[in-house]
Trainee: 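First, the structure itself, so that you have it in front of you.
What you see is a predicted model; the values in this text were computed from it and never measured. Every heavy atom of this structure was used, including side-chain atoms; hydrogens, water molecules and symmetry mates were not. Order of listing sets the numbers, starting from 1, for every ligand and every atom in it.
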Amino acid sequence: MTILLLGSGGREHALAYKLIQSSKCSQLFVAPGNAGTASIATNISISPTDFEALKTFVIQEKIDMVVVGPEDPLVLGIYDFFKNDNAINHIPVIGPSKLGAQLEGSKEFAKEFLVKHNIPTAAYDSFTVATVEKGCAFLETLQPPYVLKADGLAAGKGVLILNDLEEAKTELRNMLVGAKFGTASEKVVIEEFLDGIELSCFVLTDGKNYKVLPTAKDYKRIGEGDTGLNTGGMGAVSPVPFADALLLEKIETRIIKPTVDGLQKDQIEYKGFIFIGLIIVKGEPIVIEYNVRMGDPETEVVMPRIQSDLVALFQAVANQKLDEVTLKIDPRSATTIMIVSGGYPEDYEKGFEISGLDNIEDSMVFHAGTSIENGKVVTNGGRVLAITSFGADFEEAKKKSYQNIDKLHFDKMYFRKDIGKDLK
Ligand code: AMP
Ligand code: GLY
């Protein structure tokens, strides 16, 4: 099969790494990809949201399957674009329909879905510019901290957690009246604060059947000890040591199964990944968000642990026969450490040469923000490389990643030295 993968991050390099391991994959294109995907597949410079250009390309190259990495093309409706066009509707798109993608594209849609299907989630209400004063009154009924969520996609920045009531009211006005996150904050969900430990769970579904993928935990803050600004993710471990059989069973029966059943009941077409963000409060899992794609850097620890043929899994998703395939998971732990450009997630420079890549032993290097210039691999983004290793436990895996990071260098490189420290 000839496969087209959309995206350009560490997540896509990890997906590409897994796709090309399949004997079913004869050729892999990545649009637009990075220096890592260029080393194992063919990059093409088309934006994942330029649907017309993608259509021309898939016809020209006789693409057999499209795998979507990031959320933007999904929320913009790439699944429906293919489905509704006779020239390309025979090509399966791995990802949800436009309606299904609203689980990530609209926090209010997600909350309504959760409540409708009796899936545990934090109490909430949602507000618009017309009801901003009601929103302020609602805040007064809550205990701090206050959780404000922009309804739409806001590049991971749309959630504010504030301790002070007056500050929360000001930010609510900034979001609704001042368009702090543009159209994404035309609506704001105000949510009960949940005090617990976070866990991400990943599901692959064909809209009817599902497979539960390994759990992961990511580290979102830039600074050690979970301090400083939020990033896309600075590292991840899989499996999550505290996710024992009892907790996993609760997550499956109370959250995963009702989610997939809910999609079916609501006739929402969904053939792709569901990433469920959970907070565990006193042993009970509660949903804080859905994403309609894999996580980054969680993919860099989840994909290496999948031993089954990923292309066969995707074919089963496309044919709604996921119940007929088995999912085999590597029992070892994986840890990934993200190396970023100094200054990230604020301003940073690009174009620094990365040295030492050839010296890596016993770890996987997934490129995130890299490109090739004059034959050299250079930095091209905030998050640059994810170094993933296996171990008997996450600590052993982590140690290998850190040993290999010592061999790498680029100007102003930074990484967190405490990934997984809270799990001891
Ligand atoms: P989200 O964009 O929904 O993942 O939210 C970003 C982060 O905000 C999450 O990773 C949590 O750390 C935090 N968060 C979101 N919702 C809640 C909540 N209801 N209670 C506590 N923390 C939350
Ligand atoms: N690492 C969090 C995310 O991909 O949304």
Trainee: What protein heavy atom sits nearest atom 1 (N) of ligand 2, and how far away is it?
Mentor: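 The closest one turns out to be Asp218 OD2, 2.7 Å.
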Trainee: Which residue and atom name correspond to the protein heavy atom nearest atom 2 (O) of ligand 1, and how close is it?
Mentor: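 Nearest neighbour among protein heavy atoms for atom 2 (O) of ligand 1, to 0.1 Å: Val159 CG2, 3.3 Å.
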Trainee: Thr37 and side-chain hydrogen bond (donor to acceptor under 3.5 Å, both in side chains): which single residue from Thr42, Thr370, Asn43 fits?
Mentor: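 Per the side-chain hydrogen bond (donor to acceptor under 3.5 Å, both in side chains) rule, the option paired with Thr37 is Asn43, out of Thr42, Thr370, Asn43.
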Trainee: Testing Val317, Thr205, Val93 one by one against Lys271 for a side-chain contact (heavy atoms from CB on, under 4.5 Å), which residue passes?
Mentor: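 Only one option passes, and that is Val317.
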Trainee: Which of the numbered atoms in ligand 2 are below 4.0 angstrom from a heavy atom of Phe275?
Mentor: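 Answer for ligand 2: 3 (C), 4 (O), 5 (O).
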Trainee: For Asn230, which part has a heavy atom under 4.0 Å from ligand 1: side chain, backbone, both, or neither?
Mentor: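 Asn230 to ligand 1: no contact under 4.0 Å from either part.
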Trainee: Got the closest protein heavy atom to atom 18 (C) of ligand 1, with its distance?
Mentor: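 So the nearest neighbour among protein heavy atoms is Glu191 OE1, 3.6 Å.
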Trainee: Just which atoms of ligand 1 are under 4.0 Å from any heavy atom in Lys107?
Mentor: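 Under 4.0 Å from Lys107, ligand 1 has these atoms: 1 (P), 2 (O), 3 (O).
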Trainee: Would Lys417 count as a cation-pi partner of Phe415, with NZ or CZ less than 6.0 Å from the six-membered ring centre and within 45° of the ring normal?
Mentor: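 Yes, Lys417 and Phe415 form such a contact.
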Trainee: With ring pair (Phe, Tyr, Trp, His ring centres under 6.0 Å) as the test, would you mind laying out the steps for Phe193 and Tyr146 before giving the verdict?
Mentor: CA-CA 6 Å; Phe193 179 82; Tyr146 305 95; 9.8 Å; no
Trainee: Go through ligand 2 atom by atom and flag the ones less than 4.0 Å from a non-hydrogen atom of Glu298.
Mentor: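 Ligand 2 atoms under the 4.0 Å threshold to Glu298: 1 (N), 2 (C), 4 (O).
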Trainee: Ignoring hydrogens and geometry, is there a side-chain-to-backbone donor-acceptor pair from Asp393 to Glu395 under 3.5 Å?
Mentor: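 Checked: pair present.
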Trainee: Looking at Glu269 and Lys83, does any basic side-chain N land under 4.0 Å from a carboxylate oxygen?
Mentor: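 Looking at Glu269 and Lys83, the cut-off is met.
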Trainee: Pairs of nitrogen or oxygen atoms closer than 3.5 Å, one from Arg11 and one from ligand 2: do any exist?
Mentor: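 Between Arg11 and ligand 2 (N or O atoms, distance only) the closest approach is not under 3.5 Å.
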Trainee: Once you measure the plane-to-plane angle for Phe109 and Phe113, does it fall in the parallel (<30°), tilted (30-60°) or perpendicular (>60°) bin?
Mentor: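 Parallel, since the angle between the ring planes stays under 30°.
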Trainee: Flag yes if more than 12 heavy atoms outside Lys257 fall under 6.0 Å of its NZ atom; otherwise flag no.
Mentor: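 Result for NZ/Lys257: open.
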Trainee: Among all the protein's heavy atoms, is there at least one whose distance to atom 7 (C) of ligand 1 comes out below 4.0 Å?
Mentor: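 Given the 4.0 Å cut-off, atom 7 (C) of ligand 1 does not count as touching protein heavy atoms.
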Trainee: With a 6.0 Å cut-off (strictly less than), is the heavy-atom count around NZ of Lys98, excluding the residue itself, greater than 12?
Mentor: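 Atom NZ in Lys98 is not crowded, with 12 or fewer foreign heavy atoms closer than 6.0 Å.
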Trainee: Apply salt bridge (charged side-chain N to carboxylate O under 4.0 Å, His left out) to residues Arg293 and Glu71 and explain how you reach the verdict.
Mentor: CA-CA 6 Å; Arg293 50 169 174 89; Glu71 63 276 18; 2.9 Å; yes
Trainee: Looking at Gly232, which atoms of ligand 2 are within less than 4.0 Å of one of its heavy atoms?
Mentor: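 Matching atoms, with element in brackets: 1 (N), 2 (C).
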Trainee: Show which atoms of ligand 1 fall inside a sub-4.0 Å distance from at least one heavy-atom site of Phe193.
Mentor: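 Reading through ligand 1 atom by atom, the close ones are 20 (N), 21 (C), 22 (N).
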Trainee: In sequence, state the C-alpha distance, the side-chain angles, and the governing distance for Arg254 and Glu284, and then conclude on salt bridge (charged side-chain N to carboxylate O under 4.0 Å, His left out).
Mentor: CA-CA 10 Å; Arg254 296 181 196 173; Glu284 308 302 323; 2.5 Å; yes
Trainee: For ligand 2, note which part of Arg293 has a heavy atom under 4.0 Å away: side chain, backbone, both or neither.
Mentor: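 Arg293 to ligand 2: side-chain contact only, backbone stays beyond 4.0 Å.
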Trainee: Counting non-hydrogen protein atoms only, what is the nearest one to atom 12 (O) of ligand 1? Give residue, atom name and distance.
Mentor: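 For atom 12 (O) of ligand 1, the nearest protein heavy atom comes out as Glu198 OE2, 2.3 Å.
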Trainee: Write out the residue and atom name of the closest protein heavy atom to atom 14 (N) of ligand 1, then the distance separating them to 0.1 Å.
Mentor: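 Here the nearest protein heavy atom works out to Ile161 CD1, 3.8 Å.
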Trainee: Of all the atoms in ligand 2, which lie at a distance below 4.0 Å from a heavy atom belonging to Gly295?
Mentor: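 So the answer, numbered in order with elements, is 4 (O).
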Trainee: Please give me the minimum heavy-atom distance between Val340 and Phe410, naming the atom from each residue.
Mentor: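 Taking Val340 first and Phe410 second, the nearest heavy atoms are O-CZ, 3.6 Å.
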Trainee: Should the proximity of Leu194 to ligand 1, defined as any heavy atom under 4.0 Å, be assigned to the side chain, the backbone, both, or neither?
Mentor: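 Both backbone and side chain.
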Trainee: Of the protein's non-hydrogen atoms, which lies at the shortest distance from atom 4 (O) of ligand 1, and what is that distance?
Mentor: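 Minimum-distance protein heavy atom for atom 4 (O) of ligand 1 reads Glu289 OE2, 2.6 Å.
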Trainee: What part of Glu192 sits under 4.0 Å from ligand 1 if we count only heavy atoms: the side chain, the backbone, both or neither?
Mentor: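 The part of Glu192 near ligand 1 is the backbone, not the side chain.
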Trainee: Report the part of Asp195 (side chain from C-beta onward, or backbone N, CA, C, O) that has a heavy atom under 4.0 Å from ligand 1; answer both or neither where that applies.
Mentor: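 Asp195 to ligand 1: no contact under 4.0 Å from either part.
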